Colleague: 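Take this structure, written in structure tokens, and hold onto it; I'll ask about it next.
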Amino acid sequence: MFTRFFTRREWFLLALGAALIICQVYMDIAIPDYMSKITDAFLLEAQDKVMQYGVEMIAAAFLSLIFSLLVGYVLAVLAASTGKNMRLAQFDRVQSYAMEDINRFSAASLITRSTNDITQIQNFIARGLQMAIKSPILAVWALSRMYGSSFVYSGAIAWTEVTIAGLLIVFVVMLTSIGISMPLFKKIQWLTDGVNRSIRENLDGIRVIRAYNAEPYQEGKFDKANEDLLNNNLGTVKYMAYAFPVAQSVMNFVTLAIYWIGAGIIMSLDVVDTQKLAYSDMIVFTSYAMLVLNSCLGFIGIFRMLPRAMVGMKRIEEVVDTEPSIVDGTVTDGEEGIKGAIEFRNVSFTYPGTERKILEDISFKVEPGKTFAIIGSTGSGKTTLVNLMARFYDTTSGDVYVDGVNVRDFSIKALHLKLGYVPQQAIIFSGSVEMNVNFGHGSESRTEEDVKRALRIAQAEDFVTHMPDGMDSHISQHGRNISGGQKQRVSIARAVCREPEIYILDDTFSALDFKTDKALRESLRKETSGSTVVIVAQRIGTIMDADEIIVLDEGRIVGKGKHRELLKTCPIYFDIARSQLTEEELQ
């Protein structure tokens with residue numbers, strides 16, 4: 001189960017914990033022996049022995065306490081260490097996932113699997129594992145003492161039968177409650193995903209929700225998810241609640257039965273000394289019987305935690321065992337003499353789970369050092385096209401080449417080192433401006449001057465210098481303390497700081513005013529003249545100076561050429577231009 005995430009350290013902790021548990025059980029088993037010795041010494045009026053055995057019994061109880069504390073500490077460390085290994089394994093695996101894989105699990109579910117599911121396993125290791133090891137050892141050891149001890153009277157057989165009957169009742173109750181509640185335990189984690197998803201949606205869309213006065217609607221959705229989780233939890237509690245009281249009652253009835261039988265045996269004896277010995281046997285047997293039944297109660301505690309831990313483990317294994325749909329290649333560099341070239345050969349693409357082709361029969365070639373632009377209406381496939389360049393998805397058919405090498409053959413890391421990718425939605429991480437710009441592989445080798453240069457090229461230097469701490473100023477999560485245009489410029493500066501062979505700018509000028517847009521494009525053209533630049537845009541003004549422009553419509557290329565050529569040869573491009581430019585600019 002969770003031992004697949006054990007390293008040598010965790011195996012050592014588990015072995016140490018098991019050894020300490022055995023020591024604790026040994027001390028627990030010794031206590032009934034001392035009770036027998038004390039009783040016999042008292043009945044035989046050996047007062048000095050009573051005191052000696054009493055002190056030894058107290059020492060055994062104290063040592064049992066010490067071992068119990070040590071076991072708790074060792075297993076808590078084991079639980080925390082195992083949880084760390086699980087989170088690391090999941091995080092590493094998710095980092096290698098393609099977008100298709102992440103979408104299949106959903107972000108909300110991946111978060112729950114990395115937090116709540118692992119917490120359930122940690123709880124089981126810290127608390128349930130102790131009982132899982134201790135209970136069977138205690139039960140077997142106590143039973144062996146019961147049969148290995150020389151109980152004088154045949155009443156021991158009746159006592160044993162009563163104890164076994166009590167065990168059978170406890171096991172039947174336990175298995176019944178577990179069997180009924182197991183399906184509900186399996187649903188808990190999935191329903192937790194739903195609550196997590198609802199909270200995430202509310203937090204991400206809080207401004208829109210408030211702007212449209214949609215709070216009651218969103219509260220209703222959250223209440224529904226929360227109510228489903230509550231009802232499921234109440235169901236598990238309802239079916240598990242009676243197990244412990246029934247087991248406790250069985251223990252009481254077993255004790256009562258042993259004493260009832262013992263009383264009959266003692267009353268049937270004539271000699272006082274033999275009555276005393278029978279009484280002593282009854283006391284010791286009762287102690288052993290209680291140890292056996294207590295071990296069963298421990299199993300009930302285990303089975304309360306085990307189903308959720310098992311479900312959580314299965315969900316974690318789904319993440320760790322899922323192979324990325326995009327297989328890493330082995331090539332680490334392009335063909336000699338080619339740097340920054342991109343080529344699409346008869347590429348078609350369909351998103352997983354859909355039938356409509358987003359791109360169909362796309363072919364073009366971008367020469368190194370050129371500026372290549374993509375324009376088209378919303379949903380025409382522009383972002384999908386650049387996602388295929390970065391190999392966030394693999395083509396359904398056809399091939400994409402970078403530097404003369406099929407991207408399927410490239411090592412993912414090597415391919416991405418060639419790219420400076422700026423997504424459509426500017427991604428800003430919580431931290432300083434400098435950290436956000438000097439980000440990713442090779443950041444340790446870049447200097448403060450490299451960051452300043454990137455900010456200057458991205459037209460971000462001005463607003464950064466006016467921030468309280470300059471480049472050391474803190475940016476909140478998602479960049480909520482800066483404007484949309486500022487976020488876009490920081491994202492562009494991040495790509496520039498990397499000095500890649502190919503820049504992919506996916507509609508990254510949309511939040512900029514025309515003056516800043518023009519200044520940024522001129523700066524990029526001047527400072528990155530040796531690199532290939534791929535621009536996805538909605539505005540004609542952003543791409544009209546590109547070396548080549550392709551026009552997409554419903555996933556097909558309907559126009560290709562420079563700005564002036566397309567005005568004459570491509571009606572769709574002309575319509576876009578006419579909606580944005582004046583008659584004078586069109587001429």
Side-chain angles (χ1 to χ4, degrees), residues 98-100 103 342-352 354 356-366 370-402 407 416 419-427 484 488 491-492 495 500 502-512 517 520-521 524 532-563 565-567 569-581:
M99 297 306 299
E100 173 187 348
N103 293 336
I342 302 171
E343 184 178 0
F344 275 56
R345 297 181 187 174
N346 308 115
V347 169
S348 296
F349 178 76
T350 303
Y351 280 107
T354 64
R356 187 176 73 87
K357 287 186 176 182
I358 303 300
L359 297 174
E360 188 172 358
D361 197 25
I362 301 294
S363 297
F364 63 82
K365 189 171 184 178
V366 183
K370 300 295 183 180
T371 299
F372 182 79
I374 306 167
I375 195 170
S377 60
T378 300
S380 59
K382 304 184 296 298
T383 296
T384 302
L385 199 67
V386 297
N387 283 341
L388 296 178
M389 293 180 190
R391 209 188 170 200
F392 295 142
Y393 294 93
D394 273 337
T395 61
T396 305
S397 63
D399 298 293
V400 180
Y401 291 81
V402 171
V407 293
H416 290 169
L419 307 177
Y421 175 67
V422 186
Q424 191 171 13
Q425 183 178 359
I427 303 298
Q488 285 192 338
S491 296
I492 294 170
I502 301 169
Y503 289 89
I504 298 178
L505 309 177
D506 184 7
D507 202 14
T508 53
F509 302 91
S510 58
L512 305 180
D517 183 339
L520 199 158
R521 285 186 288 108
L524 277 174
T532 302
V533 180
V534 177
I535 301 175
V536 175
Q538 298 279 5
R539 295 199 304 224
I540 292 289
T542 301
I543 63 169
M544 60 193 308
D545 296 327
D547 297 305
E548 186 173 26
I549 304 169
I550 63 169
V551 184
L552 291 180
D553 183 51
E554 296 184 356
R556 290 178 171 272
I557 295 178
V558 295
K560 184 186 297 185
K562 292 191 176 183
H563 171 67
E565 297 172 17
L566 290 171
L567 285 175
T569 60
C570 181
I572 292 177
Y573 186 83
F574 180 79
D575 289 341
I576 296 172
R578 186 171 57 183
S579 67
Q580 297 179 12
L581 305 177

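Just so you know, these numbers come straight off a predicted model, no measurement behind them.
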Colleague: How many angstroms lie between CD in Q424 and OG in S491, if you round to the nearest 0.5 Å?
Modeller: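 Rounded to the nearest 0.5 Å, the CD-OG separation comes out at 12.5 Å.
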Colleague: Go through the steps for I557 and V551 under the test side chain to side chain contact (heavy atoms under 4.5 Å, CB included), then give the verdict.
Modeller: CA-CA 6 Å; I557 295 178; V551 184; over 6 Å; no
Colleague: Is any side-chain heavy atom of Y573 closer than 4.5 Å to a side-chain heavy atom of I375?
Modeller: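 Yes, at least one pair of side-chain atoms sits under 4.5 Å.
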Colleague: What is the distance from atom OH of Y401 to atom CG of D399, rounded to the nearest 0.5 Å?
Modeller: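 Going from OH on Y401 over to CG on D399, the span is 4.5 Å.
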Colleague: What verdict does the side chain to side chain contact (heavy atoms under 4.5 Å, CB included) test give for Q538 and D507, after you've listed the backbone C-alpha separation in whole Å, the side-chain angles of each residue and the deciding distance to 0.1 Å?
Modeller: CA-CA 7 Å; Q538 298 279 5; D507 202 14; 3.8 Å; yes
Colleague: Does K560 have more than 12 heavy atoms from other residues, nucleotides or ligands lying within 6.0 Å of its NZ?
Modeller: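 Count over threshold, so yes.
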Colleague: Determine, using ring centers only, whether Y503 and Y421 are less than 6.0 Å apart.
Modeller: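 Ring centres of Y503 and Y421 not closer than 6.0 Å.
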Colleague: At their closest point, which heavy atom of M389 faces which heavy atom of V402, and how far apart are they?
Modeller: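 Looking at all heavy atoms of both residues, the closest pair is O-CG2, 4.4 Å.
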Colleague: Below 4.5 Å, heavy atoms only, C-beta onward: do N346 and I362 meet side chain to side chain?
Modeller: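 No, too far: nothing below the 4.5 Å cut-off.
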Colleague: Would you say the rings of Y351 and Y393 are close, in the sense that their centroids are separated by under 6.0 Å?
Modeller: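 Y393 vs Y351: aromatic centres under 6.0 Å.
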Colleague: What do the steps show when you test T371 against D545 for side-chain hydrogen bond (donor to acceptor under 3.5 Å, both in side chains), and what is the final call?
Modeller: CA-CA 8 Å; T371 299; D545 296 327; over 6 Å; no
Colleague: Could you pull out the closest heavy-atom pair between K562 and A546, with the gap in Å?
Modeller: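 Looking at all heavy atoms of both residues, the closest pair is CG-O, 4.4 Å.
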Colleague: Just to verify, which of I504, V386, I492 counts as forming a side chain to side chain contact (heavy atoms under 4.5 Å, CB included) with V422?
Modeller: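 Of the listed residues I504, V386, I492, the side chain to side chain contact (heavy atoms under 4.5 Å, CB included) partner of V422 is I492.
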Colleague: Would you name the heavy atoms of G561 and L566 that are closest together and state the gap between them?
Modeller: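 So the two residues come closest at O-CD1, 3.7 Å.
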Colleague: Determine, for K382 against D506, whether the closest basic-nitrogen to carboxylate-oxygen distance falls under 4.0 angstrom.
Modeller: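 Answer for the salt bridge query: no.
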Colleague: Nearest heavy-atom pair of T508 and P423: which atoms, and what distance?
Modeller: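 That closest heavy-atom pairing would be CG2-O, 3.6 Å.
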Colleague: When the ring planes of F344 and F364 are compared, do they come out parallel, tilted or perpendicular, using 30° and 60° as the limits?
Modeller: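 The arrangement is parallel - the two ring planes meet at less than 30°.
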Colleague: Would you check, one step at a time, whether the test side-chain hydrogen bond (donor to acceptor under 3.5 Å, both in side chains) holds for E360 with S348?
Modeller: CA-CA 4 Å; E360 188 172 358; S348 296; 5.9 Å; no
Colleague: Going by heavy atoms in the side chains, are L552 and V558 under 4.5 Å from each other?
Modeller: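 No, their side chains stay 4.5 Å or more apart.
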Colleague: Looking at D553 and R556, is any side-chain nitrogen of the basic one under 4.0 Å from a carboxylate oxygen of the acidic one?
Modeller: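 Salt bridge absent between R556 and D553.
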Colleague: Checking the side chain of S377 only, and the main-chain atoms of S380 only, is there a donor and an acceptor separated by less than 3.5 Å?
Modeller: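 Side chain of S377 to backbone of S380: no pair is present.
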Colleague: When rounded to the nearest 0.5 angstrom, what distance separates CD1 in I576 from CD in Q580?
Modeller: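 Going from the CD1 atom of I576 to the CD atom of Q580 covers 7.0 Å.
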Colleague: Under the side chain to side chain contact (heavy atoms under 4.5 Å, CB included) rule, what do H563 and I540 come out as? Steps first, then yes or no, please.
Modeller: CA-CA 9 Å; H563 171 67; I540 292 289; 3.7 Å; yes
Colleague: Do H416 side-chain atoms and A390 backbone N/O form a donor-acceptor pair below 3.5 Å?
Modeller: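 At least one qualifying donor-acceptor pair exists.
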Colleague: Would you name the heavy atoms of V407 and R391 that are closest together and state the gap between them?
Modeller: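 That closest heavy-atom pairing would be O-CD, 3.5 Å.
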Colleague: What's the separation between atom CG in L388 and atom CD1 in I342, rounded to the nearest 0.5 Å?
Modeller: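 L388 CG to I342 CD1: 11.5 Å, rounded to 0.5 Å.
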Colleague: Using 4.0 Å as the upper bound for N to carboxylate O, is an ion pair formed by E343 and R345?
Modeller: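 Salt bridge present between R345 and E343.
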Colleague: Evaluate side chain to side chain contact (heavy atoms under 4.5 Å, CB included) for L359 paired with T350, printing each intermediate quantity in order.
Modeller: CA-CA 7 Å; L359 297 174; T350 303; over 6 Å; no
Colleague: Working to the nearest 0.5 Å, report the span between CG of N387 and OG1 of T395.
Modeller: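 With rounding to 0.5 Å, CG (N387) is 13.0 Å from OG1 (T395).
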Colleague: About how many Å separate CD1 of I543 and CZ of F372, when rounded to the nearest 0.5 Å?
Modeller: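 F372 atom CZ to I543 atom CD1 measures 10.0 Å (nearest 0.5 Å).
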Colleague: When you compare the side chain of I535 with that of I374, does any pair of heavy atoms fall below 4.5 Å?
Modeller: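 They are not in contact (no side-chain heavy atoms under 4.5 Å apart), so the answer is no.
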Colleague: May I ask you to test the R521-T542 pair for a side-chain heavy-atom distance under 4.5 Å?
Modeller: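 Sidechains of T542 and R521: in contact.
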Colleague: Is I550 close to L385 at the side-chain level, that is, under 4.5 Å between some pair of heavy atoms?
Modeller: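 SC-SC contact between L385 and I550 confirmed.
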Colleague: Which heavy atom in F349 sits nearest to a heavy atom in T396, and how many Å separate them?
Modeller: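 Closest approach of F349 to T396, heavy atoms only: CA-OG1, 3.3 Å.
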